[in-house]
K.L.:
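Sending over a structure as structure tokens; questions will come in a sec.
The figures here come from the full heavy-atom set of this structure, side chains too, leaving out hydrogens, waters and symmetry mates. Remember, predicted model here, so these are calculated numbers, not experimental data.
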Amino acid sequence: MEKSDSVSWDGHKWLFQTYGCGVVICRDKMKLVETFHTNPEYLKDVESTGEEFNFWDMGMELTKPARGMKLWFTLQTVGIDAIRQAIDQGFVIADWIEEEVLKYDSFEIVSKSQMGIINFRFVSDKYTEEELNDINRNLSKRALEKNYVAFLTTTLRGKVVLRFCCNNPLTTREEINKIINDIHKWIKEETNI
């Protein structure tokens, strides 16, 4: 990090925040001013200079929002230890998914459980790669249409995979077992395997 000109950080998922809790930290603060500075007629009297700058010149909104307030409030209300436990539980849940997926020959793990994320897919030598990609996309669509579980797809190594990002610490082992079992049932319904 010490070699970086800038670092971006977002507390959205692991710190259980809504969107808009991100931050960009720049080695040279004037780079932000150069990026976002606007020069409308009504702000000429308070224009940023090389040494002095206005916070509205450091972001898109032309204001200084208190984005950190929601994170501060969460940490004060929930506590850092509870946040740590919730993050750790996300890692455990992804491990549970991997364990369940490994029970089925029709699943391939494309990227193993790490940091609360796992990517796997349905595979079968009875289908072309394009057909397998479509089947995997349809599994995600089906889950979303049923409002049952939210896993999306992504493409890794040219293959469409089911991406699980496990950041709900209240998810139980039983729920994971049921979800993976249901996905396997959906595959049977869709493919007659």
Side-chain angles (χ1 to χ4, degrees), residues 1-38 43 46 48-101 109-120 140 143-144 146-154 156 161-180 183:
M1 277 182 30
E2 47 285 334
K3 294 182 180 181
S4 300
D5 290 327
S6 65
V7 175
S8 66
W9 178 88
D10 186 357
H12 169 58
K13 282 193 171 72
W14 285 121
L15 295 178
F16 310 100
Q17 301 302 298
T18 58
Y19 285 120
C21 192
V23 64
V24 176
I25 302 168
C26 289
R27 184 178 307 279
D28 178 0
K29 66 185 173 206
M30 293 311 291
K31 295 290 185 192
L32 285 174
V33 173
E34 291 168 15
T35 301
F36 294 108
H37 173 72
T38 58
L43 293 178
V46 289
S48 294
T49 66
E51 288 299 313
E52 295 179 15
F53 64 91
N54 294 301
F55 282 103
W56 61 69
D57 276 338
M58 300 191 77
M60 295 181 277
E61 296 95 344
L62 196 62
T63 188
K64 184 174 84 173
R67 287 195 181 99
M69 183 64 78
K70 55 186 156 190
L71 178 58
W72 177 86
F73 186 77
T74 299
L75 293 173
Q76 295 303 308
T77 304
V78 177
I80 193 90
D81 290 337
I83 295 289
R84 275 191 195 116
Q85 290 171 357
I87 292 169
D88 290 345
Q89 186 61 23
F91 293 17
V92 169
I93 294 165
D95 290 343
W96 292 344
I97 293 172
E98 184 170 316
E99 290 170 18
E100 286 304 308
V101 165
I109 295 177
V110 180
S111 82
K112 295 172 92 32
S113 167
Q114 57 184 334
M115 295 190 67
I117 296 174
I118 180 168
N119 296 285
F120 66 95
S140 174
L144 294 172
K146 289 179 168 288
N147 198 23
Y148 173 57
V149 61
F151 59 87
L152 302 177
T153 63
T154 191
L156 296 176
V161 300
L162 308 177
R163 181 182 183 274
F164 279 73
C165 179
C166 307
N167 59 356
N168 180 348
L170 303 178
T171 303
T172 66
R173 180 77 190 239
E174 292 74 27
E175 289 170 326
I176 294 302
N177 295 350
K178 182 172 179 358
I179 290 165
I180 301 304
I183 293 171

K.L.:
Which is it for Leu152 and Leu144 under the side chain to side chain contact (heavy atoms under 4.5 Å, CB included) test, yes or no, and what are the steps along the way?
P.N.:
CA-CA 9 Å; Leu152 302 177; Leu144 294 172; 3.6 Å; yes
K.L.:
In terms of relative ring orientation, are Phe164 and Phe151 parallel, tilted or perpendicular, with 30° and 60° separating the classes?
P.N.:
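Phe164 vs Phe151 ring planes: parallel.
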K.L.:
Give, for atom NZ of Lys178 and atom CD1 of Ile183, the distance between the pair rounded to the nearest 0.5 Å.
P.N.:
11.0 Å
K.L.:
Count the heavy atoms belonging to other residues, nucleotides or ligands that lie under 6.0 Å from CZ of Phe73, then report whether that count exceeds 12.
P.N.:
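Open: at most 12 neighbouring heavy atoms sit under 6.0 Å from CZ of Phe73.
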K.L.:
Should Thr171 and Cys166 count as side-chain neighbours, where that means a heavy-atom distance under 4.5 Å?
P.N.:
no
K.L.:
Give, for atom CD1 of Ile93 and atom CD1 of Ile118, the distance between the pair rounded to the nearest 0.5 Å.
P.N.:
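It is 12.5 Å, given to the nearest 0.5 Å.
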K.L.:
Tell me whether Glu98 contacts the main-chain N or O of Ser113 through its side chain, where contact means a donor paired with an acceptor under 3.5 Å.
P.N.:
yes
K.L.:
What's the shortest heavy-atom distance between Cys21 and Asp10, and which atoms?
P.N.:
C-OD1, 4.1 Å
K.L.:
If you define the side chain from C-beta out and look only at heavy atoms, does anything of Cys165 sit under 4.5 Å from Lys13?
P.N.:
yes
K.L.:
Is the closest side-chain heavy-atom distance between Phe120 and Glu100 below 4.5 Å?
P.N.:
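A side-chain contact under 4.5 Å is absent here.
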K.L.:
Got a donor-acceptor contact below 3.5 angstrom from the Arg84 side chain to the Gly79 backbone?
P.N.:
no
K.L.:
Strictly by modelled atom types, are Lys70 and Thr18 linked by a side-chain donor-acceptor pair under 3.5 Å?
P.N.:
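Indeed, the side chains of Lys70 and Thr18 share at least one donor-acceptor pair under 3.5 Å.
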K.L.:
Using a 3.5 Å distance criterion without hydrogens, assess whether the side chain of Gln17 forms a donor-acceptor pair with backbone atoms of Leu15.
P.N.:
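Side chain of Gln17 to backbone of Leu15, a donor-acceptor pair under 3.5 Å: yes, one is there.
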K.L.:
Closest approach of Trp14 and Met115, non-hydrogen atoms and distance?
P.N.:
CZ2-O, 3.2 Å
K.L.:
Taking the side chain as every heavy atom from C-beta outward, state whether Ile83 and Phe16 have any pair of such atoms under 4.5 Å apart.
P.N.:
yes
K.L.:
Should Trp72 and Leu75 count as side-chain neighbours, where that means a heavy-atom distance under 4.5 Å?
P.N.:
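When only atoms from C-beta onward are counted, Leu75 and Trp72 do not touch, as no gap falls below 4.5 Å.
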K.L.:
How far does CG of Asp95 sit from CD of Gln114, to the nearest 0.5 angstrom?
P.N.:
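Atom-to-atom, Asp95:CG and Gln114:CD are 10.5 Å apart.
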K.L.:
Under the 3.5 angstrom rule, does the side chain of Arg163 hit a backbone N or O of Ile117 as a donor-acceptor pair?
P.N.:
no
K.L.:
Side chains of Ile179 and Tyr148, heavy atoms from C-beta outward: is any pair under 4.5 Å?
P.N.:
yes
K.L.:
I'd like to check Leu156 versus Ser111 (side-chain heavy atoms, cut-off strictly below 4.5 Å). Are they in contact?
P.N.:
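In short, these two side chains touch, coming nearer than 4.5 Å.
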K.L.:
Which heavy-atom pair separates Ser140 from Thr153 by the least distance, and what is that distance?
P.N.:
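Looks like CB-CG2, 3.7 Å.
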K.L.:
When you compare the side chain of Asp28 with that of Asp5, does any pair of heavy atoms fall below 4.5 Å?
P.N.:
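Not touching, per the 4.5 Å side-chain cut-off.
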K.L.:
With rounding to the nearest 0.5 angstrom, report the CD1 to NZ distance, Ile97 to Lys112.
P.N.:
13.5 Å
